[in-house]
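None of the values given here were measured: they were computed from a predicted structure. Each ligand, and each atom within it, is numbered from 1 in the order the structure gives.
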Amino acid sequence: MSTFKSVRGMRDFMPDEAKAMRFIEAKTRKIAELYGYGEIITPVVESYELLAAKAGEEVRLRMYAFKDLGERMVALRPEFTPSVARLVATTLRNEPRPFRLFCVGSLYRYDEPQQGRYREFWQSNFELMGSNKPEADAEIIMLTNSLMEAVGLKKYALKVGHVGVLRGIFNQEKLNEKATNQVMQLMDKKEYDDALQMVKEAGASKKCLETLQKLVGLKGDRVFDIAEKMGETVEGYEQSVAAVENLMAILRLVSESECKVNMRLDAGFARGLEYYTGIILEIYIPELDIAIGGGGRYDKLIELFGGESTPAVGIAHGIERIMLAMQKQNVPLQTEEKKNVMVVPTKDELKGEALKIAQMLRDANVAVEVEVMGRKIAKALEDANRRKVDYAVIVGERELKEDAVMLRDLLKREQNVVKIAKMVEKIKGSPKIVGT
Ligand code: HAM
């Protein structure tokens with residue numbers, strides 16, 4: 001037996017799982033189309049500098065980074081956002097705004113493998129760039145909701161926060177960028193005591209500590225009430241007050257759109273990635289404590305990459321995690337059921353005929369496998385039964401002389417001689433009689 005196995009954190013998708021992954025991918029592509037997002041395909045390998053710029057420690061330290069043979073420091077992408085921002089800062093620089101861009105593909109992070117967490121994983125990623133208006137943020141929420149509905153998830157909730165509220169406080173308290181990011185990392189991990197301690201050590205005022213303490217306790221699904229309380233709590237912090245107003249405006253638009261999305265507002269919510277400046281989002285289902293999607297507004301990244309100042313908002317959905325969520329909620333794959341057929345020649349001399357008939361069926365859009373193991377009919381049928389094939393087409397000399405084959409319904413265990421010209425019709429079911 002071989003000792004080779006897949007590398008830790010990497011996984012193989014067997015046909016059923018691959019089918020589920022592609023089903024979800026197809027749904028994300030459909031949503032992209034319905035909301036007007038054009039698909040772009042960007043490289044898996046990017047410059048380390050680009051990917052590391054605002055990734056935040058969590059992601060930065062987990063990158064698959066290496067020098068290529070030309071001595072360039074590169075990495076496997078841990079997310080799509082920097083690649084899309086790079087494009088907007090360069091190739092799309094002079095194109096009219098907004099940009100609605102969609103990507104789907106694999107990403108790489110040296111995370112600790114566990115349920116729903118891999119080192120190679122897939123995302124569908126949506127970026128809306130060029131608008132700083134709340135309707136852009138509302139669109140990201142709505143399309144996420146549409147995707148969850150499209151894959152058939154029954155129960156899910158969107159956790160919402162606003163980094164601008166926290167940043168506003170830290171700015172006014174003159175906390176430097178590094179300290180701000182460190183505090184946000186701690187808050188992301190819900191290590192609120194350590195976060196507060198750090199703010200204290202950085203010399204923040206008593207009012208600041210009290211405000212943060214109150215914010216951390218503000219959460220729940222009465223989002224408008226909570227947003228209002230957030231506004232009262234941050235009084236005196238000008239940027240934070242504006243951020244709460246922005247949050248309110250987004251919540252109001254989502255509510256007016258009548259898109260039935262279950263939202264939970266959490267004032268102390270932070271995310272690991274450092275580029276966020278506004279609303280932040282994560283999707284959860286009750287059965288899992290890991291997020292199945294996450295995103296938010298980031299208004300400074302494109303500028304940081306040397307592009308025109310371009311406000312942006314986006315989200316990425318974890319495809320494996322959506323698959324896991326579907327399994328947890330027993331959501332069946334809505335795939336088109338197609339009849340499948342196995343073609344078996346009765347003797348070696350009829351192999352060519354069998355291939356010809358198989359092709360004829362495929363041309364008529366019937367899925368066909370041909371017996372390639374050289375097995376006798378009984379063995380071949382046994383195998384077809386085991387694999388739940390619907391029909392066997394047995395190609396024999398006697399039937400061929402009459403331009404016919406033996407068609408066996410493997411479920412009903414019945415067989416009949418059928419003219420080749422009628423074979424497709426029989427397999428697909430009798431055609432509907434239209435009119436009289
Ligand atoms: P993120 O929260 O790092 O955000 O990742 C988004 C989603 O990718 C997660 O919610 C999760 O479903 C999935 N994911 C992340 N890491 C793993 C992993 N190790 N295994 C399986 N799934 C994983 C971003 O990537 C941002 N670029 C999203 C964004 C787009 N923000 C603005 N635009």
Have a look at ligand 1 and work out which part of Ile315, if any, has a heavy atom under 4.0 Å from it: side chain, backbone, both or neither.
backbone
Applying the salt bridge (Lys or Arg N to Asp or Glu O under 4.0 Å) criterion to Glu46, which one of Arg72, Arg86, Arg77 satisfies it?
Arg86
List ligand 1 atoms under 4.0 Å from Asn125, heavy atoms only on the residue side.
30 (C)
Sequence neighbours excluded and cut-off under 3.5 Å, please list the side-chain donor-acceptor pairs for residues 244-262, or say none.
unit_1	atom_1	unit_2	atom_2	d
Asn246	OD1	His162	NE2	2.8
Ser257	OG	Val254	O	2.6
Ser257	OG	Cys259	N	3.1

Could I get the full list of side chain to side chain contact (heavy atoms under 4.5 Å, CB included) partners for Ser131, not counting sequence neighbours?
Lys133, Ala136
Determine whether the side chain, the backbone, both or neither of Ile292 has a heavy atom under 4.0 Å from any heavy atom of ligand 1.
backbone
Atom 6 (C) of ligand 1 sits nearest the protein heavy atom Gln123 NE2, 3.2 Å
Any idea which part of Tyr275 is under 4.0 Å from ligand 1, heavy-atom wise: side chain, backbone, both or neither?
side chain
For ligand 1, indicate whether the residue Glu127 contacts it via side chain, backbone, both or neither (heavy-atom separation under 4.0 Å).
side chain
Relative to ligand 1, is Leu273 under 4.0 angstrom through side chain, backbone, both or neither, heavy atoms considered?
side chain
Going by atom types alone, do Tyr156 and Asn145 pair a side-chain donor with an acceptor below 3.5 Å?
yes
Atom 28 (C) of ligand 1 sits nearest the protein heavy atom Gly294 O, 3.3 Å
Atom 4 (O) of ligand 1 has as its nearest protein heavy atom Arg271 NH2, 3.0 Å
Numbered in order shown, the ligand 1 atoms found under 4.0 Å of a heavy atom of Arg117 are 19 (N), 20 (N)
CA sep, side-chain torsions, deciding dist, call: Tyr298, Met129, side chain to side chain contact (heavy atoms under 4.5 Å, CB included):
CA-CA 9 Å; Tyr298 54 102; Met129 296 167 148; 3.2 Å; yes
How does Tyr298 reach ligand 1, if at all, at less than 4.0 Å between non-hydrogen atoms: by side chain, backbone, both, or neither?
side chain
Among protein heavy atoms, which sits nearest to atom 11 (C) of ligand 1, and what does the distance come to when rounded to 0.1 Å?
Arg321 NH1, 3.4 Å
Please could you name the atoms of ligand 1 that Gly318 approaches to less than 4.0 Å, counting only its heavy atoms?
12 (O), 13 (C)
Tyr37: which of Phe102, Phe99, Phe126 passes ring-ring contact (aromatic ring centres under 6.0 Å, His included)
Phe126
For the pair Glu210 and Lys214, find out whether any cationic side-chain nitrogen is under 4.0 Å from an anionic carboxylate oxygen.
no
